[in-house]
4 protein chains.
Amino acid sequence: MIQSSAKNSGRKAVLNTYRTRSLLEATRKVIADGGFDAVTMERVSAEAGLTKGAVYLYFPNKEQLILAAVEEIFSEMVERIEAQVDADAGPWERLVQTLRAELTIMEEQRDLIRALLLDRRLFRDSPGGHQARRLFKYRDRHEERLKHCLDEGVKKKIFRTMDTSQAAFYINEMAVSTAWRRMIGRSAQPLERDIEQMLAFIHLLIHKRARYTAG
Amino acid sequence: MIQSSAKNSGRKAVLNTYRTRSLLEATRKVIADGGFDAVTMERVSAEAGLTKGAVYLYFPNKEQLILAAVEEIFSEMVERIEAQVDADAGPWERLVQTLRAELTIMEEQRDLIRALLLDRRLFRDSPGGHQARRLFKYRDRHEERLKHCLDEGVKKKIFRTMDTSQAAFYINEMAVSTAWRRMIGRSAQPLERDIEQMLAFIHLLIHKRARYTAG
Amino acid sequence: MIQSSAKNSGRKAVLNTYRTRSLLEATRKVIADGGFDAVTMERVSAEAGLTKGAVYLYFPNKEQLILAAVEEIFSEMVERIEAQVDADAGPWERLVQTLRAELTIMEEQRDLIRALLLDRRLFRDSPGGHQARRLFKYRDRHEERLKHCLDEGVKKKIFRTMDTSQAAFYINEMAVSTAWRRMIGRSAQPLERDIEQMLAFIHLLIHKRARYTAG
Amino acid sequence: MIQSSAKNSGRKAVLNTYRTRSLLEATRKVIADGGFDAVTMERVSAEAGLTKGAVYLYFPNKEQLILAAVEEIFSEMVERIEAQVDADAGPWERLVQTLRAELTIMEEQRDLIRALLLDRRLFRDSPGGHQARRLFKYRDRHEERLKHCLDEGVKKKIFRTMDTSQAAFYINEMAVSTAWRRMIGRSAQPLERDIEQMLAFIHLLIHKRARYTAG
DNA sequence: TATGAATGAGCTTTCATTCAT
DNA sequence: TATGAATGAAAGCTCATTCAT
């Protein structure tokens with residue numbers, strides 16, 4: 001009896017999770033397809049196979065729906081990037097792995113990322129800034145990772161002395177810029193070449209002497 | 001009669017120009033005030049002292065109005081930047097002057113630029129890409145300037161050998177990133193410090209040896 | 001030329017007034033027909049021969065539309081009542097004329113008044129109380145009139161000494177109650193009889209001695 | 001088996017009653033809190049510790065739920081009023097006790113009564129008038145009580161000769177008006193003073209001669 | 001008996017665009 | 001050239017009610 005009851009609430013929880021996931025997925029699809037302005041309760045719900053009203057059973061309003069979807073995107077990205085980095089590798093190698101993963105993953109979800117890069121209004125310093133702060137968390141965590149590599153490299157005298165916090169910011173921005181250039185159709189090269197060129201610049205920026213060689 | 005007609009068309013042309021300018025100015029103000037979503041024909045026309053309907057005499061639709069306004073912003077920015085660069089100075093100095101001007105001018109129109117950085121949908125690779133292409137023109141011209149400096153520096157053996165086209169892109173992106181970071185409230189320092197730090201990084205990136213010293 | 005221009009703006013003003021009136025009329029009709037909950041922008045606009053959107057050219061929102069309509073009803077009622085009172089008559093006669101007018105006019109717009117009596121939420125002491133206050137103005141003015149009669153009667157020693165302010169309130173409430181009873185179908189008598197009976201009570205309440213005789 | 005079944009249905013009946021009471025209580029609370037418009041199945045059921053769907057096991061629809069809740073309010077009020085009247089007292093005293101109780105009880109449930117006075121749509125002469133009739137029952141019973149007092153007073157030659165039915169109606173309306181005035185914030189005095197002033201008027205209205213003195 | 005997910009109809013409001021004047 | 005009234009197509013959100021479990 002207890003089991004069946006547990007099963008029951010289990011089923012419900014599962015359904016709930018499924019619907020929530022389903023809606024987030026749908027939202028992502030719509031964002032990728034037409035940007036944030038295309039996100040209509042109508043469209044999202046249709047995409048998820050529900051009616052408008054049903055969405056409100058899972059999210060209190062459109063804003064929260066979008067925020068949750070975007071947060072999920074970021075969180076997933078950060079996790080996937082971290083998963084591709086070999087913790088035992090040296091600082092420069094880890095930096096390279098991180099940036100390579102970042103760009104590869106962005107390329108994988110081209111449309112979605114393009115939409116996010118084209119429309120950054122979610123980062124607006126809204127009143128209270130709750131929303132923006134929630135999203136910056138992921139960026140901060142990512143930059144922190146980069147900073148760790150830099151700090152270690154500096155300590156090991158492989159990298160120059162520098163303000164590693166600033167450097168991490170600029171390095172990440174270079175990665176984002178590289179993606180951005182591709183997304184808006186301003187780079188005809190294969191991703192790999194873009195990555196190599198970017199890494200060459202970053203190498204110049206931080207390394208003490210050695211010339212950069214692909215790898 | 002002919003004279004009067006000429007006069008008339010002269011007057012008309014003047015009036016036409018005046019109205020157009022007026023509308024673009026108004027559009028800018030509205031964008032600065034509330035971003036692109038705040039741009040309604042109602043608000044713009046009111047700000048310009050006209051009525052909604054009249055806007056359609058000068059622009060075929062909202063999209064073109066916004067595009068023209070943004071184009072004007074960019075064109076003006078590029079011109080103002082160029083005006084602040086001493087053509088006789090050395091390549092590094094010209095680079096510094098350019099970037100300093102870029103960031104200072106952006107800071108001057110903080111609200112407007114924040115809106116443009118938050119919402120870059122105009123750069124979407126629209127069908128035909130007409131729109132985006134019109135805007136890229138200014139960016140390209142600006143990057144071209146940066147590239148000239150770099151090329152000259154390379155030729156004079158002051159700068160390292162490098163893909164100056166790529167470098168110009170990244171350097172400009174670093175400037176934009178610096179502005180962006182300020183606009184979303186992620187930098188508490190005075191602009192001047194942000195500029196100095198950025199220049200230090202760029203110096204590392206391109207110079208052959210000499211350590212960078214502020215100036 | 002000036003004339004034609006004057007005519008033009010005149011025409012526009014006239015049209016504006018006409019539409020506004022038209023919408024208020026429509027709102028009244030809908031209220032009379034189905035109470036405040038029946039007031040839908042859709043229904044009102046259709047009744048006025050317009051589309052939903054057009055209503056917003058004349059009223060900023062539904063609340064203001066309703067408020068304006070109700071205010072108009074009250075203002076009109078007060079005016080019409082006052083128009084039916086002979087300023088030269090004695091205080092009791094004026095009182096009688098006032099109450100008779102009040103009830104007759106209410107009866108004339110039976111459905112409308114019923115809706116107002118059934119749903120008095122507009123008088124809710126809303127935050128700020130702006131709305132309620134606007135409406136109480138008319139009631140206050142009406143009670144003031146009644147009070148004047150009472151004061152004069154007291155002064156002339158026709159009426160008893162009393163708190164005339166309170167009395168005015170209760171007397172008006174008796175009139176409203178009389179109407180209310182009719183509207184909810186709890187009085188089968190002709191209006192005239194209801195009025196007479198009410199007046200008899202009021203006579204008892206305020207007169208010094210003389211028995212009341214219909215008049 | 002039979003016993004257990006009996007027990008079961010006993011339990012069931014008890015549970016049923018409990019749930020019903022619970023829901024009515026919840027409905028009252030919600031009405032008091034935000035008026036009839038605040039009554040949503042969601043809110044009521046949550047307040048009663050149930051889910052939306054369950055409400056339909058005890059009431060066929062929202063209308064009946066509200067009607068039952070309001071009926072209960074009225075029934076309770078009438079009972080409580082009657083409980084506070086000394087059956088052996090004289091007619092005037094009983095009248096005074098009745099009205100005093102009425103107003104005191106209304107004041108006790110200020111929020112609830114305000115909601116009922118602001119929104120009397122339940123008394124609408126609905127098709128068939130079933131609903132209204134159910135509610136009028138309580139009012140009629142209350143007025144009947146008042147009428148009894150009046151009849152007795154007339155018989156004992158303490159009160160004037162009058163249409164006691166009408167008088168009962170008006171007297172009750174005066175009580176309601178007094179409460180109403182307080183609820184919409186148009187009386188700053190303590191309840192006791194309002195009651196005294198009202199009683200003074202009623203005294204004038206019905207008594208043969210004696211001046212009214214508080215009591 | 002009880003749940004709560006889902007529906008579907010309805011509501012207010014906004015706005016680009018058109019067009020008679 | 002200029003007006004501004006009008007349209008019409010959305011969009012976000014709410015809620016009574018139903019129904020499979």
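Note: hydrogens, waters and symmetry copies are ignored here, and every other heavy atom, side chains too, is used. No experiment lies behind these values; they were computed from the predicted model shown. Just so it is clear: chains get the letters A, B, ... in the order the sequence lines come, proteins before strands, and each one is counted from 1.
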Side-chain ion pair, [X] and [Y], N-O less than 4.0 Å:
| X | Y | result |
| --- | --- | --- |
| C/Arg21 | C/Glu72 | yes |
| D/Lys29 | D/Glu25 | no |
| A/Asp37 | A/Arg121 | yes |

State which of [options] makes the closest approach to the side chain of [X].
| X | options | value |
| --- | --- | --- |
| B/Thr40 | E/dC15, F/dT1, E/dT18 | E/dC15 |
| D/Thr51 | E/dT3, E/dA6, F/dT7 | E/dT3 |
| A/Leu50 | F/dT17, F/dA5, E/dT7 | E/dT7 |
| D/Ala54 | E/dT3, E/dA6, F/dC13 | E/dT3 |

Between C/Val70 and C/Phe36, is any pair of side-chain heavy atoms under 4.5 Å apart?
-> yes
With side chains defined as the heavy atoms from C-beta onward, is the minimum distance between B/Leu67 and B/Phe59 less than 4.5 Å?
->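 B/Leu67 vs B/Phe59: side chains apart.
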With sugar-phosphate meaning primed atoms plus P, OP1 and OP2, does [X] contact a base, only sugar-phosphate, or nothing at under 4.0 Å between heavy atoms?
| X | value |
| --- | --- |
| A/Val55 | nothing |
| A/Val44 | nothing |
| B/Lys52 | base |
| C/Asn16 | nothing |
| A/Tyr18 | nothing |

In Å, rounded to the nearest 0.5 Å, how long is the span from CG of A/Leu118 to CD1 of A/Ile31?
->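 If we round to the nearest 0.5 Å, A/Leu118:CG and A/Ile31:CD1 are 12.5 Å apart.
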Rounded to whole Å, please give me the gap between [atom1] in [X] and [atom2] in [N].
| X | N | atom1 | atom2 | value |
| --- | --- | --- | --- | --- |
| D/Asp37 | E/dT12 | CG | P | 13 Å |
| B/Met41 | F/dA5 | CE | P | 17 Å |
| B/Lys62 | E/dT18 | NZ | P | 14 Å |
| B/Glu42 | E/dT14 | CD | P | 11 Å |
| D/Arg43 | F/dT14 | CZ | P | 14 Å |
| A/Gln64 | F/dC13 | CD | P | 10 Å |
| A/Leu57 | F/dC15 | CG | P | 13 Å |
| C/Tyr56 | E/dC15 | OH | P | 12 Å |

Please state whether the phosphate of F/dA6, meaning OP1 or OP2, lies under 4.0 angstrom from any side-chain nitrogen or oxygen of C/Arg19.
->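 C/Arg19 to F/dA6 OP1/OP2: side-chain N or O found under 4.0 Å.
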Phosphate OP1/OP2 of E/dA6: any A/Tyr58 side-chain N/O under 4.0 Å = yes
Let me know, please, whether C/Gly49 or A/Pro60 comes out on the 5' side of the other along DNA chain F by nearest nucleotide.
-> C/Gly49
Watson-Crick or G-U wobble partner of E/dT7, both distances under 3.5 Å =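 Check on E/dT7: paired to F/dA16, both distances under 3.5 Å.
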Would you kindly compare A/Gly53 and B/Val39 by the position of their nearest DNA chain E nucleotide and give the one closer to the 5′ end?
->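 Of the two residues, A/Gly53 wins.
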